[in-house]
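Fair warning: this is a prediction, and the values are worked out from it, not measured in the lab.
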Amino acid sequence: MDLKSNEPFWLVKNGIIQSYPSLRENLSCEVLVVGGGITGSLIAHQCMEDGYDTVLIDKREIGFGSSSATTAMLQYEIDTPLHKLIEDIGEQDAIASYKACSDGIDRLEKICQEIKSKAGFKRKQSLYFAAFKKDVVGLQKELEARKSVGFDVQWMEAEAIEKAFDIVGTYGGILSTQGASVDAFKLVHELLEFNSRRGLRVFDKTELTKATYQRTTHAVSLDTGVQISAKKIIYCVGYESVNLIREKFVDLISTYAIVSEVTSVPLKKYDNLLVWNTADPYIYLRTTDDGRMLIGGEDEPFRDPERRDRLLDKKTERLETSVRKYLPHVPFICDFSWAGTFGQTKDGLPYVGTHDDFEKSYFVLGFGGNGITFSVAGMEMVARWLKGKKHPLEGCFGFNR
């Protein structure tokens, strides 16, 4: 499945940072990580931290899937509002899910410091504004829900938003202090380089074709004609999991993004801000570390890569219209546009855990707008499971929820 179209900004900006060999000989390991995107690289980092002999494989070039197309807005806010999630799954699990994403931002910052990352991790506020007057009541209910569990949030009236950020046409919104952004594609390569130096074995253009569990190990067949013997397999394959798991558990969505030329108009008001709104589908925007404005959205159900790509020009025009609507003073000249595919679950939560059809294996599938922070939460979950321990989020993130 083609997870992106055209050339995403991050891929063009960074180029091919590092190339890895395909696997051409049999080998064994304790943990096999399948998927070389941001999720797989984070899980491999955790496995190396815990001292496991780990191998990571990807059927493409490393990071060439969704990690090169993501806008990498790091938020604790899940696509399902907290007050609604409490109604859906209960107070304890809903609050734990939100706090796991918040903690994920903190932990990712520490990881970036540890590996001396140059991927532009930056702390930012997050503005979630009402696109329509009818959305105000729900947003204020969400504000109170977040306040009640200790999140640092405040309400901003439309006039205050315009004064502080020059964003017009809103009906007020929630300003949160907890948020960040990063170049996920670059971070993938940094994580793998850091861990390769301490023994992680990485192979790209190496596809898993079959895995059979035999007593104590998996016999993993690869398209290169060789095998891996692994005690545990961790699948970090994102939206391509729909090709592995027989039941329907996620809806695939096409999303679109554009990024401007480097502008002479100062963007300092937005350098420390993530913006998204209550529209359905919602839009989201941020700046890049080289002085560009990035906006994404215009989501719709994914049907096939060809249809998704044919809509790119039309979606680009609509996103440009959104920029002019909310930021009329910003002279947005589109420099890059691309499309990607992501997964949307019924409750906005990821799927992290075991599956009945895959013995001695785990899935870390960070669906939705919080894919990266969900993946960071998955690091702790996998670490516990590999030690034979349970994790409090396994019930609400599991396949049987």
Side-chain angles (χ1 to χ4, degrees), residues 1-4 31-40 43 57-60 65-67 78-80 84-85 87-90 93-94 96-97 100-101 207-214 218-221 223 230 232-255 281 299-305 307-308 340-375 377-378 381-382 384-386 390-401:
M1 182 183 296
D2 181 12
L3 297 183
K4 59 180 177 58
V31 179
L32 172 63
V33 178
V34 182
I38 187 63
T39 302
I43 296 302
I57 62 173
D58 194 290
K59 72 177 186 178
R60 300 182 180 85
S66 297
S67 295
I78 296 169
D79 287 345
T80 303
K84 179 68 167 57
L85 195 60
E87 295 173 359
D88 291 346
I89 68 172
D93 285 343
S97 299
C101 289
E207 183 175 4
L208 183 154
T209 58
K210 184 179 181 181
T212 305
Y213 188 72
Q214 301 171 339
H218 296 270
V220 179
S221 299
D223 66 341
K232 302 284 185 180
I233 301 177
I234 306 175
Y235 293 93
C236 304
V237 293
Y239 322 120
E240 292 196 335
S241 57
V242 298
N243 298 323
L244 292 175
I245 297 172
R246 59 189 178 184
E247 70 267 21
K248 187 178 187 306
F249 65 102
V250 64
D251 294 317
L252 295 187
I253 304 294
S254 296
T255 191
D299 302 348
E300 67 167 52
F302 173 85
R303 293 178 177 84
D304 57 72
R307 172 182 165 79
R308 179 197 62 195
T341 302
F342 72 97
Q344 185 178 70
T345 62
K346 59 186 179 182
D347 50 17
L349 298 177
Y351 282 96
V352 183
T354 59
H355 189 282
D356 291 342
D357 293 342
F358 296 81
E359 195 169 1
K360 304 296 181 182
S361 302
Y362 305 102
F363 284 84
V364 182
L365 309 174
F367 294 125
N370 295 69
I372 296 176
T373 50
F374 281 144
S375 296
M381 298 173 75
V382 166
R384 289 203 187 188
W385 291 331
L386 291 177
K390 291 187 174 295
H391 191 280
L393 286 172
E394 61 188 60
C396 55
F397 286 5
F399 284 94
N400 296 322
R401 64 179 185 261

Ion pair check, R401 and D347, cut-off under 4.0 Å: yes
Reported OG1-to-CG distance for the pair T345 and L365, which is rounded to 0.5 angstrom: 10.5 Å
Residue pair V352 / L393, side-chain heavy-atom distance below 4.5 Å: no
Proximity of F302 and Y239 rings by center, below 6.0 Å: no
Trace of the side-chain contact (heavy atoms from CB on, under 4.5 Å) decision for D299 with F342: CA-CA 10 Å; D299 302 348; F342 72 97; 3.5 Å; yes
Side-chain heavy atoms of R384 within contact of P392, under 4.5 Å: yes
Distance-minimising heavy-atom pair for R307 and D304: N-OD1, 2.7 Å
Geometric class of the F367/Y351 ring pair [parallel <30°, tilted 30-60°, perpendicular >60°]: perpendicular
Side-chain heavy atoms of Y235 within contact of I245, under 4.5 Å: no
Minimum heavy-atom distance between F397 and S97, given as atom pair plus value: CE1-OG, 3.6 Å
Side chain proximity check, F374 to I78, heavy atoms < 4.5 angstrom: yes
S241 to F249 - nearest heavy-atom pair and separation: OG-CZ, 3.3 Å
Spatial distance of atom CD1 (I253) from atom CZ (R308) [nearest 0.5 Å]: 12.5 Å
Lys/Arg N to Asp/Glu carboxylate O, K59 vs E240, below 4.0 Å: yes
Gap separating the NZ atom of K360 from the CD atom of Q214, nearest 0.5 angstrom: 14.5 Å
Nearest non-hydrogen partners of V34 and V237, listed with the distance: O-CG1, 3.5 Å
Value rounded to 0.5 Å, distance of CZ in R246 from NE2 in H355: 6.5 Å
Heavy-atom pair with the smallest gap, counting every atom of C236 and T39: CB-CG2, 3.8 Å
CE-NZ distance between M381 and K390, expressed to the nearest 0.5 angstrom: 11.0 Å
Non-hydrogen side-chain atoms of F399 and D356 separated by less than 4.5 Å: no
Check: Y362 and T354 side chains under 4.5 Å, non-hydrogen atoms: yes
I43 to S375 - nearest heavy-atom pair and separation: CD1-O, 4.2 Å
Side chain proximity check, S361 to H218, heavy atoms < 4.5 angstrom: yes
Intermediate values then yes/no, side-chain contact (heavy atoms from CB on, under 4.5 Å), E394 and W385: CA-CA 10 Å; E394 61 188 60; W385 291 331; 3.0 Å; yes
Pairwise distance CG(L32) to CD1(I57) - rounded to 0.5 angstrom: 5.0 Å
Donor-acceptor pair, side chain of D79 and main chain of G369, under 3.5 angstrom: yes
Heavy-atom donor-acceptor pair, S221 side chain to T209 backbone, under 3.5 Å: no
Heavy-atom check, side chain of L85 versus side chain of L349, under 4.5 Å: yes
